[in-house]
There are 2 protein chains.
Amino acid sequence: MRVSAKADYAVRATIELAASDAAGPVPAESLAQAQQIPHRFLEAILRDLRREGIVASRRGAGGGYVLARPAREVTVADIVRAVDGPLVFVRDERPSDLDYEGAASALLDVWVALRVNVRAVLEDVTVADLARGTVPDAVQELTDAEGAWRNP
Amino acid sequence: MRVSAKADYAVRATIELAASDAAGPVPAESLAQAQQIPHRFLEAILRDLRREGIVASRRGAGGGYVLARPAREVTVADIVRAVDGPLVFVRDERPSDLDYEGAASALLDVWVALRVNVRAVLEDVTVADLARGTVPDAVQELTDAEGAWRNP
DNA sequence: AATGTACCCTATCGTTTTAGTAGGGAATAG
DNA sequence: CTATTCCCTACTAAAACGATAGGGTACATT
């Protein structure tokens, strides 16, 4: 259950975009420096985000990237899906495409429930929240839970 | 956010073990056939489970594997951790080891909340539940939610 | 003691994914 | 016309993934 560097970078760059107070587009290079992301790698990521309609770009001098929709309408889930595909998959299949035999049949419910709970977090948090430095109350409550920050 | 084949196989084999009505140990070969898992690969997985104290083994004729603790004390999270390490990690680090700068600082809360919600499912379901063909009520409620089985 | 069963350990292997890098082309502002 | 900035394709090194192979070790039965 790993979150890839690509997904992490993509979210950070998008937050940076949303938080930017520049009137016009922000160049990839600025985003890269602000978030310590390799510049060329970030450009590849931004291209994915553009294909998915999350950012828009403008070329040439004074060009760069802007959000393609209001920050409050872009969720972390949207970004992760844009760069990494489905949020949760088991052996390269979506949970609901799986098919278990014999004693393991109830396992399907576990993976589906897992996906529900993953969505509950990632689809609830928007880039507007993060740019403001907050998360929705429901998510905040999760991080306040006993042991949330404990490691193993 | 992928669940590896290894983790999936490990859980299925453990369920099969718990559901087995054999008095003694069950050979890896039987588990492999029951769940359609490549035999040699499964042996490697069972070795991981043994190292983590989830199963115990006996060699020789009449040998095989048994659960090392009662099925109700083995969670899916235990099994996934035994074969794949930490449940959730971001760029090879545990969420609570991350450190974000600037505008992205609230992102840390997102990954921590994600982990809380992943744990809520995987630490709640035991092998005893699954062998019986059920999941705990709290997990069942998640799978009953609107859209839980819908794909994208 | 011999035999067959079954786990145990190390190594290897082909493919895919991950995390980047490189080169050069195309648009745009000034 | 020139500097800037995005755009597209290709490439690569290293790791992870999903296994497989060979040979060793323990145990029960005969």
Side-chain angles (χ1 to χ4, degrees), chain A residues 1-13 17 20 22-33 35-52 54-68 80 83-86 89-93, chain B residues 1-13 17 20 22-33 35-52 54-68 80 83-86 89-93:
Chain A
M1 304 250 48
R2 71 144 19 175
V3 175
S4 67
K6 215 165 153 179
D8 183 57
Y9 289 161
V11 178
R12 282 157 57 191
L17 254 191
S20 148
V26 184
E29 180 61 34
S30 305
L31 300 173
Q33 276 180 20
Q35 288 295 324
Q36 311 263 65
I37 303 170
H39 167 231
R40 299 301 291 263
F41 191 35
L42 179 58
E43 289 221 322
I45 292 167
L46 287 165
R47 234 174 299 132
D48 288 341
L49 295 179
R50 186 179 53 97
R51 262 183 228 116
E52 298 297 320
I54 292 169
V55 304
S57 61
R58 219 159 70 200
R59 307 221 255 197
Y65 295 88
V66 281
L67 287 179
V80 173
V83 300
D84 274 351
F89 45 108
V90 178
R91 291 164 69 240
D92 292 323
E93 296 204 84
Chain B
M1 303 251 45
R2 71 143 22 172
V3 176
S4 68
K6 217 165 151 180
D8 184 57
Y9 290 163
V11 178
R12 284 158 58 191
L17 254 191
S20 148
V26 183
E29 180 61 34
S30 305
L31 300 173
Q33 277 181 18
Q35 287 294 324
Q36 313 265 63
I37 303 169
H39 168 231
R40 299 298 292 262
F41 192 34
L42 179 58
E43 290 222 320
I45 293 167
L46 287 165
R47 233 172 300 133
D48 287 341
L49 296 179
R50 187 179 53 97
R51 262 184 228 116
E52 298 297 320
I54 291 169
V55 304
S57 61
R58 220 158 69 200
R59 305 221 254 196
Y65 294 87
V66 282
L67 288 179
V80 174
V83 300
D84 274 351
F89 44 110
V90 178
R91 292 165 70 243
D92 292 325
E93 296 205 84

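In the text below, chain A, chain B and the rest are named by the order of the sequence lines, each starting its count at 1.
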Each nucleotide of nucleotides 24-30 of chain D classed B (base within 4.0 Å of a protein heavy atom), S (only sugar-phosphate) or -, in 5' to 3' order, makes BBBBS--

Indicate for each nucleotide in nucleotides 18-23 of chain D, in 5' to 3' sequence, whether protein heavy atoms under 4.0 Å reach the base (B), only the sugar-phosphate (S), or nothing (-).
SBBBBB

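Between the CG atom of D8(A) and the P atom of dT18(C) there is a distance of 14 Å, rounded to whole Å. Y65(A) has its OH atom 14 Å from the P atom of dT28(C), to the nearest Å. Spacing between atom CG of L49(A) and atom P of dC7(D) amounts to 12 Å, rounded to whole angstrom units. dT10(C) atom C1' lies 14 Å from atom CD of E43(B), rounded to whole Å. Across the protein-nucleic acid pair, L42(A) atom CG and dA19(C) atom C1' stand 13 Å apart, rounded to whole Å.
Comparing P27(B) and D84(A) by the nucleotide of DNA chain C whose heavy atom lies nearest to each, the residue mapping closer to the 5' end is P27(B).
Summarising the geometry, atom CG belonging to L31(A) is positioned 5.0 Å from atom CG belonging to L17(A); distances are rounded to the nearest 0.5 Å. In this structure, R2(B) CZ and D84(A) CG are separated by 11.0 Å, a value rounded to the nearest 0.5 Å.
Pairing each heavy atom of S20(B) with each of V26(B), the nearest pair is OG-CG2, 3.4 Å. The two residues G63(B) and P25(B) have their closest heavy-atom pair at C-CB, 3.8 Å. For the pair A7(B) and V83(B), the tightest heavy-atom approach, listed with the atom from each and the gap, is CA-CG2, 3.7 Å. R12(B) and Q36(B) get closest at one heavy-atom pair: NH2-O, 4.4 Å.
If you check every strand for non-hydrogen atoms under 4.0 Å, E29(B) touches nothing. Contacts of R50(A) with the nucleic acid, taken as non-hydrogen atoms under 4.0 Å apart, involve only primed sugar atoms and P, OP1 or OP2.
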Counting only pairs under 3.5 Å, give me each side-chain donor-acceptor contact of residues 39-52 of chain B, with atom names and distances, residues two or more places apart or in other chains.
unit_1	atom_1	unit_2	atom_2	d
H39(B)	ND1	E29(B)	OE1	3.4
D48(B)	OD1	R51(B)	NH1	3.0

